[in-house]
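Order of the sequence lines fixes the chain letters, A, B, ..., with proteins taken first and strands second; residue numbering starts at 1 for each chain.
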Protein chains: 2
Amino acid sequence: MTKIPEYRKIYSELKREIKRGTYSPGMFLPTETELENMFGVSRTTIRKAISLLVLEGFISVQQGRGTEVQEVSTSQRLNQITSFSETLSQKGYIVTTRGFYLEHIPAPAFVREALGLEKDCTVHHLQRVQCADGRPICIMENYISAHIIPDFEIRNSNFVSLYELLEHEYNLVLREAVERITAIGASFTESQILLVPSGTPLLFSKRITYCDKGPFEYVINKVLAEQYEYAIHLSGRA
Amino acid sequence: MTKIPEYRKIYSELKREIKRGTYSPGMFLPTETELENMFGVSRTTIRKAISLLVLEGFISVQQGRGTEVQEVSTSQRLNQITSFSETLSQKGYIVTTRGFYLEHIPAPAFVREALGLEKDCTVHHLQRVQCADGRPICIMENYISAHIIPDFEIRNSNFVSLYELLEHEYNLVLREAVERITAIGASFTESQILLVPSGTPLLFSKRITYCDKGPFEYVINKVLAEQYEYAIHLSGRA
DNA sequence: CAGTGGTCTAGACCACACT
DNA sequence: GTGTGGTCTAGACCACTGT
């Protein structure tokens, strides 16, 4: 199993506490010296953890003053890499996974091209149906490069968010992603899975996700449009 | 005089060398130990400088391998504010406007809410059909706040890009926009306008655009999905 | 294997914000 | 002044990539 650095654990721990409300917006985190003692590590390690949280906008630091927990406004969170299930959870749905199939296959041509893989590369192909409040809402296929995550297995079939799994179990850092979105009418098969008439409009998205080691995942999503919308933040002008 | 930290000088120095071509894309920077000696500082300082360059995308680091100078270009033009017609032009289509109707009306409730307008505010309501290579592909409605652009008139009915017009004729500066995208099936009316069977999947987007004076425009687009897709760039992770 | 970057320590001094 | 974060050192050991 992968070794998780101290600063990463502390970062996760602090993030959890912020999300839980132990530290709420406007409050200050303990000082660096206090955190040193709390976690029993050196200041460098604490500072590295804190810098991650700053990068993600959870806290802001000011010399001589302290580190303040920020209001995470929704609009700031746009265009961040979020899994489908995370977005749904945020909207208050109870998210579950219905179907579930994992296989290890030679990368299909379209995946090879998207991820820049050589011939004969293996990918983990994960198929799922995501449900919101018990209702099927999304058909999801992930192709994960075995080159970057060699030993991918799902131990607990009840997991929901793939990204959380990858981050915590495999210590993966998601850097960026490019997503292309269009609409299609549900095919017969899709309509059967999602329990809607065929031809029902679906959002059809293809995403390449990059981690620190390069492109590692190709995702295909088909989402019931009636239940879902993408929010995008645009800024500036060429 | 301001005190400039060592790591900042080193960062600037390295960036200058990269821009000048001393270190060009594909090449590797000296190792951390070498840089330590070159600049006569500790490794921490070097690493801090390097981390800044990584953050800005100039270089990428890989454990056990080295720090490689990156190609800066890439398609970072994603998530900029672009009008529909501009995007289509970029893809090589010839864009024309077919239908065209401008009226000045009291802002409907959903527009008032979106733009934060008072009761009795007027908006310019512009309706158009955009064609790509002569084929209708998008039904477009703009609601432009009369508060910000009081004297909006279209002099030349052959104009194509609304944003270009606003920028050049009205000296407007577009700051940011939030767009929400989902999919619908074409209604009878929409199917007639776009010359497709009713029920054909359309991308349905609603956008609020902000200029330097606040929100000024609400746009509703219905696009033939078959001919169009949204590309989104996501970065970072909460 | 050697050489690279990744993590971590224990301690020092500096710059800034509060009161 | 006191206490906060900001910079920096010298050295240690780990983890990965290459040969």
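One can place NZ of B:K48 at 16 Å from C1' of C:dG6, the figure rounded to the nearest angstrom. Between B:L35 atom CG and C:dG6 atom P the separation is 13 Å, expressed in whole Å. The separation between B:I50 atom CD1 and C:dG6 atom P is 8 Å, rounded to whole Å. Between B:E36 atom CD and C:dG3 atom P there is a gap of 16 Å when expressed in whole angstrom units. If you take CD of B:E68 and P of C:dG5, they are 12 Å apart, rounded to a whole angstrom. Straight-line distance from the CD1 atom of A:I4 to the C1' atom of D:dC14: 16 Å, rounded to whole Å. Separating the CZ atom of A:R47 from the C1' atom of D:dT4 is a distance of 11 Å, rounded to the nearest angstrom. Regarding A:F28, its CZ atom lies at a distance of 17 Å from the P atom of D:dG3, rounded to whole Å.
Distances shorter than 4.0 Å separate some side-chain N or O of B:R65 from OP1 or OP2 on D:dG18. Side-chain N/O atoms of B:Y7 include none lying less than 4.0 angstrom from OP1 or OP2 on D:dC8.
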Can you build the contact string for nucleotides 9-14 of chain C? Use B for base contact, S for sugar-phosphate-only contact, and - for no protein heavy atom under 4.0 Å.
BB-B--
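Residues A:E6 and A:Y11 have side chains that never bring a donor and an acceptor to within less than 3.5 angstrom of each other. For B:T209 and B:Y163, the side-chain atoms include at least one donor-acceptor pair closer than 3.5 Å. A donor atom on one side chain and an acceptor atom on the other are found under 3.5 Å apart for B:S205 and B:E179.
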Please test A:F84 against A:Y230 for ring pair (Phe, Tyr, Trp, His ring centres under 6.0 Å), starting from the C-alpha separation and ending with a verdict.
CA-CA 10 Å; A:F84 186 74; A:Y230 280 88; 7.9 Å; no
Go through the steps to decide whether A:F216 and A:Y218 satisfy the test ring pair (Phe, Tyr, Trp, His ring centres under 6.0 Å), and finish with yes or no.
CA-CA 7 Å; A:F216 85 98; A:Y218 189 71; over 10 Å; no
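A salt bridge links A:E56 with A:K15: the distance from a Lys NZ or Arg NE/NH1/NH2 to an Asp or Glu carboxylate oxygen falls below 4.0 Å.
With a 6.0 Å cutoff to the six-membered ring centre and a 45° limit on the axis angle, A:K9 does not count as a cation-pi contact of A:F39.
Here the nucleotide nearest the side chain of B:E32, chosen from C:dG5, D:dC8, C:dC8, is C:dG5. Listed candidates were D:dT17, C:dG6, C:dT7. Nearest to the side chain of B:Q62 is D:dT17.
Remark: C:dT19 base-pairs with no nucleotide in the shown strands. Criterion, Watson-Crick or G-U wobble with two distances under 3.5 Å.
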